[in-house]
Amino acid sequence: MNSFSNEEFDFTFLDEGFTAKDILDQKINEVSSSDDKDAFYVADLGDVLKKHFRWYKALPRVTPFYAVKCNDSKAIVKTLATLGAGFDCASKTEIQLVQNIGVPPERIIYANPCKQISQIKHAANSGVQMMTFDSEVELMKVARAHPKAKLVLRIATDDSKAVCRLSVKFGATLKTSRLLLERAKELDLDIIGVSFHVGSGCTDPETFVQAISDARCVFDMGTELGFSMHLLDIGGGFPGSEDVKLKFEEITNVINPALDKYFPCDSGIRIMQSLADTMLHQLSRWQLTNCKKSCIKEQSGSDDEDDTNGKTLMYYVNDGVYGSFNCILYDHAHVKPVLQKRPKPDEGCYSCSIWGPTCDGLDRIVERFDMPELQVGDWMLFENMGAYTVAAASTFNGFQRPAIHYVMSRPAWQLMQQIKEQGFVAEEEEQDVSTLPLSCAWESGIEHHPAACASTSINV
Ligand SMILES: Cc1ncc(COP(=O)(O)O)c(C=O)c1O
């Protein structure tokens, strides 16, 4: 049952024929006539729904657990909770956030292998039982603070080809895994399964195959020692956008046969995945519209012969790497602006760099990008800014985090309500969702309409 009774969040209904891009234009009009021209987001919640279906289609045996760390916005968490997703929480605050929304403890995994004792106690008091570990010290802490916990042993992977490595920090080797299982037995703790993470931005799907095979070895060790091993958590690592060499479905096409080989359907093993990037970064349409160019200057000493008239431009905008663009520093993200004004066909391009608003030289969003000349007050859009953006944004130098405006189409909303009442039936709904007008006009080429939409406040 998906019933949630907490605070409301506001979103705008997209009427038929209108898209998130229309809202974006509408907001730009509103903001442009005010003095405060702050950066803002437009987030299409219908896209979260669409991704959820895409997920089930690509990995039908795997239950998604959303890693709250990547974006803890209440609207996102509530939408996913309504869809029946589980949640991967790394702290007491994240557990409280999802529980306050009404998520039952069985749908939460406390997936931080090194936890503070007081936070383990909080999990115990809140009924959260599933939690990961990778060391003897952690086992001893759990034995003291939460002896009824259902433990999941995190194993290390070969994440040398991932964009962001995680096994440098977490994960037991196979040899250590045996010792840990034996120690858990001595401490009378319950181990129910294995988790791993191949590193975020995986570039080689074979890493999953090796990790799944290693997990099988640890399952066998556990079973031999008398544990009832029934949970496999295959972590994250999926691409954050479509413009990558290795696509989401190319990875899942390798994972599915590996799961069937090492964990056959009839083995009764529950497989879950604590994902982040795939759910938001890649697929959700977050559009950050940045504010104005406050300075254009000619850079002296440029020896780049391709620059138009030797001119390069520097734009200073009102969000940067200390704000939502922290993904550039932390996640090696590369972002590209889309211009709000369509350039004239014969307009020349200049080599430009784009800088954030703080007084720090590190605060550069784009090192070099060719685009037509902008004027102060022109807007840039940055798409796919959902995961690992606002969640880690600071207010360094006094620059506030951007406001987020949520939108959803009526068919997406109706489908959500249906799921809320009847539960999630992936195969039946898949047909319907593919026809939902969930994406943005920018891509579909639909002309923009001013003032297209009615604002609503609804409890999801
Ligand atoms: C335990 C765990 N699960 C899931 C994730 C999300 O992974 P990704 O961002 O690659 O989807 C992370 C990322 O740090 C993690 O540590």
Side-chain angles (χ1 to χ4, degrees), residues 8-51 71 73-80 82 279-292 317-319 323-324 335-342 377-387 389-390 393 400-417 433 435-460:
E8 298 185 354
F9 65 88
D10 293 340
F11 71 91
T12 302
F13 263 135
L14 294 174
D15 284 327
E16 213 182 325
F18 295 108
T19 68
K21 180 64 173 60
D22 298 315
I23 300 293
L24 198 67
D25 287 342
Q26 192 176 314
K27 293 282 170 208
I28 287 180
N29 284 339
E30 283 165 22
V31 172
S32 298
S33 57
S34 77
D35 283 342
D36 289 329
K37 294 178 177 53
D38 292 327
F40 64 90
Y41 274 88
V42 170
D44 187 350
L45 293 173
D47 210 35
V48 174
L49 187 69
K50 199 171 180 182
K51 281 168 197 162
N71 188 322
S73 305
K74 213 170 259 179
I76 302 283
V77 174
K78 270 196 157 188
T79 303
L80 285 163
T82 305
M279 197 58 96
L280 280 182
H281 192 108
Q282 174 192 356
L283 304 158
S284 182
R285 291 198 65 88
W286 285 68
Q287 296 178 311
L288 170 68
T289 301
N290 239 330
C291 189
K292 63 184 183 181
V317 296
N318 57 0
D319 194 8
S324 327
V335 298
K336 267 194 242 152
V338 176
L339 304 185
Q340 195 218 0
K341 273 198 211 154
R342 290 197 189 274
D378 286 345
W379 292 83
M380 297 176 192
L381 316 183
F382 291 89
E383 297 178 308
N384 293 323
M385 292 287 294
T389 53
V390 274
Q400 300 307 304
R401 293 180 191 93
I404 306 172
H405 304 285
Y406 297 98
V407 299
M408 194 183 317
S409 70
R410 279 185 198 276
W413 166 253
Q414 281 153 3
L415 189 50
M416 286 259 302
Q417 295 316 298
V433 84
T435 60
L436 289 177
L438 298 171
S439 63
C440 166
W442 192 260
E443 279 177 349
S444 57
I446 298 167
E447 282 307 311
H448 311 147
H449 305 265
C453 314
S455 243
T456 324
S457 172
I458 295 185
N459 189 11
V460 168

Please find the pair of heavy atoms, one from [X] and one from [Y], that lie closest to each other, and give the distance.
X: I404; Y: S73; answer: CD1-OG, 3.9 Å
X: A39; Y: D319; answer: CB-CB, 4.1 Å
X: S324; Y: M385; answer: O-CE, 3.8 Å
X: A20; Y: V42; answer: O-CG1, 4.0 Å
X: R401; Y: A393; answer: NE-O, 2.8 Å

_Audit row: L14, D22, side chain to side chain contact (heavy atoms under 4.5 Å, CB included) steps and yes/no_ = CA-CA 9 Å; L14 294 174; D22 298 315; 5.8 Å; no
Quick check for you: to the nearest 0.5 Å, what is the distance between [X] atom [atom1] and [Y] atom [atom2]?
X: N318; Y: W379; atom1: CG; atom2: CH2; value: 6.5 Å
X: L415; Y: M408; atom1: CG; atom2: CE; value: 10.0 Å
X: L24; Y: E383; atom1: CG; atom2: CD; value: 9.0 Å
X: F11; Y: D44; atom1: CZ; atom2: CG; value: 10.5 Å
X: L381; Y: I28; atom1: CG; atom2: CD1; value: 6.0 Å
X: F382; Y: T389; atom1: CZ; atom2: OG1; value: 13.0 Å

_Test log, rule side chain to side chain contact (heavy atoms under 4.5 Å, CB included), inputs I76 and L45_ = CA-CA 7 Å; I76 302 283; L45 293 173; 4.1 Å; yes
_Checking N71 against V390 for the side chain to side chain contact (heavy atoms under 4.5 Å, CB included) test, could you report, in this order, the C-alpha distance in whole Å, the side-chain angles of both residues, the deciding distance, and whether it holds?_
CA-CA 7 Å; N71 188 322; V390 274; 3.8 Å; yes
*H405 vs F40 aromatic rings, parallel, tilted or perpendicular, using cut-offs 30° and 60°?*
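Perpendicular, since the angle between the ring planes exceeds 60°.
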_Could you work out, with side chain to side chain contact (heavy atoms under 4.5 Å, CB included) as the rule, every residue matching E30, not counting sequence neighbours?_
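E30 satisfies side chain to side chain contact (heavy atoms under 4.5 Å, CB included) with Q26, K27 only.
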*For M380 and L339, run side chain to side chain contact (heavy atoms under 4.5 Å, CB included): C-alpha distance rounded to whole Å, both residues' side-chain angles, the deciding distance at 0.1 Å, then the answer.*
CA-CA 5 Å; M380 297 176 192; L339 304 185; 4.3 Å; yes
